[in-house]
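Here the structure comes first, spelled out in structure tokens, and everything after it is commentary.
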Amino acid sequence: MPELPEVENYMKYIDSTALHQQIVAMDCRDDRLLKKPESDFNEHLLHQEFKETHRLGKYLFLKTTGKKILVIHFGMTGRPNYYKSEEDRPKFGHLQLTFKNGFHFAFENKRKFGWWDLADSITDFKTSHKLSDDARDLSLEDFKNSLNGRKTDIKKIIMDQSVAAGVGNWMADEILYQSKIHPQKKVANMTEHDIESVFEAMKKVIEVAIEKDAHYRDFPEHFLMHFRKEDETCFHTEAQIKKIKVGGRTTYFSPEWQKL
DNA sequence: CGTTATGTTTCACT
DNA sequence: CAGTGAAACATAAC
């Protein structure tokens, strides 16, 4: 479930668990989850500690006491799991670190779309991966500039990590529901006001989701997440939620509420 | 057995 | 080069 608010949560989780623990071992059960040779990770992680965490979009950066930064992307099904007893090792913990205190840090990844990489700096990583500022900090000016000249559907654009780093599929649906904009509305046909509505909804969704620790059940009752399912009833209209594909991704929206 | 899944990367076109 | 759309990736769960 890792979009911006979930990754924010994972970061806080790591801050309160794996930070400042000396790494004594690494166990890799599938090296396809590593963007560099396993020996590189051993070289740069063993005997080091994580000293600081950062998040940019859906990417998490763990600064070490060594030279490199561990970059984690959770893919579609990733999450961290800090545990002590070996029998508690999660089934899908394909990558794992062990600390001097006896605890383990597992990188659970059922679908193996997540990965670890090593980077020299967050700035370089941001540039080479063409990431915008984090959606939480993004300025309206930068957002408007990114939309300039774009011709495709608004949903595709806000999910573009070079436009609003951190926005994923459920957030995009939520943002467009809150701003009453149809996911297939062409950016070129949007007014200044439409664009500002989307921007404001994006900020609102991010802040609410982070405040609620990405716990969907605690979201306000008018949030799409509560009825983001085909044929559920829209909070504002009596119409039913429709399911379509936009940019290859499953999209839920309220046809009465969200106008093209 | 076929379909689906909250993501990124790559590649062929315009 | 910039923008777009589709495919590929790997695998559990329904």
Side-chain angles (χ1 to χ4, degrees), chain A residues 1-10 28-36 55-61 71-80 90-95 107-117 119 125-132 134-135 145-178 183-189 202 205-206 208-210 212-217 219 223-232 241 243-253:
Chain A
M1 312 162 186
E3 295 183 27
L4 187 155
E6 290 90 345
V7 179
E8 180 77 13
N9 250 13
Y10 296 164
C28 169
R29 297 188 174 178
D30 190 335
D31 62 11
R32 290 174 298 181
L33 304 204
L34 299 178
K35 293 278 192 183
K36 299 212 164 50
R55 183 188 58 72
L56 173 57
K58 304 168 195 169
Y59 300 81
L60 200 55
F61 299 86
V71 188
I72 298 181
H73 193 286
F74 295 92
M76 291 236 225
T77 56
R79 64 175 181 188
K91 187 177 175 192
F92 303 109
H94 307 302
L95 300 176
F107 179 61
E108 288 190 56
N109 221 289
K110 217 184 308 194
R111 232 174 118 193
K112 298 186 178 177
F113 275 180
W115 45 256
W116 286 10
D117 197 358
F125 187 90
K126 183 185 179 197
T127 307
S128 61
H129 287 254
K130 297 186 175 24
L131 299 173
S132 73
D134 187 78
N145 286 338
S146 297
L147 266 55
N148 215 338
R150 297 296 211 111
K151 291 192 158 41
T152 192
D153 308 339
I154 182 62
K155 173 162 176 179
K156 276 202 75 175
I157 297 300
I158 59 174
M159 283 182 68
D160 183 337
Q161 301 302 293
S162 71
V163 172
V167 175
N169 202 27
W170 76 254
M171 284 184 72
D173 284 357
E174 188 67 65
I175 289 164
L176 294 171
Y177 181 76
Q178 295 305 325
Q184 286 173 309
K185 180 142 191 167
K186 301 295 178 197
V187 174
N189 296 336
M202 175 175 81
V205 169
I206 291 170
V208 167
I210 288 179
K212 302 297 183 189
D213 292 328
H215 198 212
Y216 311 140
R217 273 176 299 179
F219 286 5
F223 267 43
L224 176 66
M225 277 309 260
H226 296 297
F227 40 92
R228 187 173 176 271
K229 204 175 166 190
E230 193 161 31
D231 295 335
E232 289 281 310
I241 299 298
K243 175 181 167 180
I244 56 173
K245 290 273 183 192
V246 178
R249 306 301 300 278
T250 307
T251 299
Y252 296 92
F253 75 107

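Side chains included, hydrogens not; waters and symmetry mates left out as well; all remaining heavy atoms used. In the text below, chain A, chain B and the rest are named by the order of the sequence lines, each starting its count at 1.
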Legend entry - A/Y252 side chain, from C-beta outward: closest of B/dA5, C/dA10, B/dT8: B/dA5

Inset, instruction - Please state whether the phosphate of C/dT4, meaning OP1 or OP2, lies under 4.0 angstrom from any side-chain nitrogen or oxygen of A/K151. - result: no

Inset, instruction - Could you tell me whether A/D153 and A/K185 make a salt bridge, using a distance below 4.0 angstrom between a side-chain N and a carboxylate O? - result: no

Inset, instruction - Flag the pair A/L34 / A/W116 as yes when at least one side-chain heavy-atom distance between them is below 4.5 Å, and no otherwise. - result: yes

Legend entry - Spacing of A/L147 atom CG relative to C/dA2 atom C1', expressed in whole Å: 15 Å

Legend entry - Phosphate OP1/OP2 of B/dG7: any A/H73 side-chain N/O under 4.0 Å: no

Inset, instruction - Indicate whether OP1 or OP2 belonging to C/dA2 is found under 4.0 Å from a side-chain N or O atom of A/R150. - result: no

Inset, instruction - Would you mind reading off the distance between A/K112 atom NZ and C/dA8 atom C1', rounded to a whole angstrom? - result: 17 Å

Inset, instruction - May I ask you to decide if A/T250's main-chain N or O and A/N169's side chain share a donor-acceptor pair within less than 3.5 Å? - result: yes

Legend entry - Donor-acceptor contact below 3.5 Å, side chain A/T251 vs main chain A/R249: yes

Legend entry - Phosphate OP1/OP2 of C/dG5 contacted by A/T152 side-chain N/O (<4.0 Å): yes

Inset, instruction - Check whether any side-chain N or O of A/K245 sits under 4.0 Å from OP1 or OP2 of B/dA5, and answer yes or no. - result: yes

Inset, instruction - Could you tell me whether the side chain of A/R111 has a donor or acceptor atom within less than 3.5 Å of a complementary atom in the base of C/dA12? - result: no

Inset, instruction - Can you figure out which of B/dG7, C/dT4, B/dA5 approaches the side chain of A/K58 most closely? - result: B/dG7

Inset, instruction - Measure from the side-chain heavy atoms of A/F92 and tell me the nearest of C/dA13, B/dA5, C/dG3. - result: C/dA13

Inset, instruction - Could you check how far CD of A/E230 sits from P of B/dA5, rounded to whole Å? - result: 10 Å

Inset, instruction - Ignoring backbone atoms, test whether A/R249 places a side-chain nitrogen or oxygen under 4.0 Å from the OP1 or OP2 oxygen of B/dG7. - result: yes

Inset, instruction - Determine the contact category for A/G168: base if any of its heavy atoms lies under 4.0 Å from a base atom, sugar-phosphate if only primed atoms, P, OP1 or OP2 are that close, otherwise nothing. - result: sugar-phosphate

Legend entry - P atoms of C/dA7 and B/dT3, separation to the nearest Å: 15 Å

Legend entry - Side chain of A/K110 (C-beta onward), nearest among B/dA5, C/dA12, C/dT11: C/dA12

Legend entry - Whole-Å distance separating the NZ atom of A/K155 from the P atom of C/dT4: 16 Å

Inset, instruction - With the side chain of A/H129 defined as its heavy atoms from C-beta on, choose the nearest nucleotide among C/dT4, B/dT9, B/dA5. - result: B/dT9

Inset, instruction - Please determine, for the side chain of A/R32, which listed nucleotide (B/dA5, B/dG7, C/dA10) has the closest atom? - result: C/dA10

Inset, instruction - Please say which of A/D173, A/V205, A/I175, A/L176 ends up in a side chain to side chain contact (heavy atoms under 4.5 Å, CB included) with A/L224. - result: A/D173

Legend entry - Residue A/E6, side-chain heavy atoms: nucleotide from C/dT4, B/dT8, B/dT6 that is nearest: B/dT6

Legend entry - All side-chain hydrogen bond (donor to acceptor under 3.5 Å, both in side chains) counterparts of A/K35, not counting sequence neighbours: none

Legend entry - Verify stack between A/F113 ring and C/dC9 base, 5.5 Å, 30 degrees: yes

Inset, instruction - Could you tell me the separation between the CZ atom of A/R79 and the C1' atom of B/dT6, rounded to a whole number of Å? - result: 14 Å

Legend entry - Atom P, compared across B/dC11 and C/dA10: separation rounded to whole Å: 15 Å

Inset, instruction - Measure the distance from CG on A/L4 to C1' on B/dG7 and round it to the nearest whole Å. - result: 14 Å

Legend entry - Parallel, tilted or perpendicular: ring planes of A/F219 versus A/H226, cut at 30 and 60 degrees: perpendicular

Inset, instruction - Please work out if A/F74 contacts a base, only the sugar-phosphate, or nothing of the nucleic acid, heavy-atom cut-off 4.0 Å. - result: nothing

Legend entry - Pairing stems for DNA chain B [at least three consecutive pairs; Watson-Crick or G-U; under 3.5 angstrom]: B:2-5 with C:11-14, B:7-14 with C:2-9

Legend entry - Candidates B/dT6, C/dT4, B/dG7 - which lies nearest the side chain of A/R228: B/dT6

Legend entry - Contact nearer the 5' end of DNA chain C, comparing A/D153 with A/K130: A/K130

Inset, instruction - Describe, in one word, how the ring planes of A/Y216 and A/W170 are oriented to each other, choosing from parallel (under 30°), tilted (30 to 60°) and perpendicular (over 60°). - result: perpendicular

Legend entry - Separation of B/dT9 P from A/Y59 OH (nearest whole Å): 4 Å

Legend entry - Test side chain to side chain contact (heavy atoms under 4.5 Å, CB included) applied to A/H73 and A/K58, step by step: CA-CA 7 Å; A/H73 193 286; A/K58 304 168 195 169; 3.8 Å; yes

Legend entry - A/M159 side chain, from C-beta outward: closest of C/dT11, B/dT8, B/dG7: B/dG7

Inset, instruction - For the pair A/F227 and A/Y177, name the ring-plane relationship: parallel under 30°, tilted 30 to 60°, perpendicular over 60°. - result: perpendicular

Inset, instruction - May I have the distance from A/K186 (atom NZ) to C/dT4 (atom C1'), rounded to whole angstrom? - result: 11 Å

Legend entry - Side-chain N or O of A/T250 closer than 4.0 Å to phosphate OP1/OP2 of B/dA5: yes

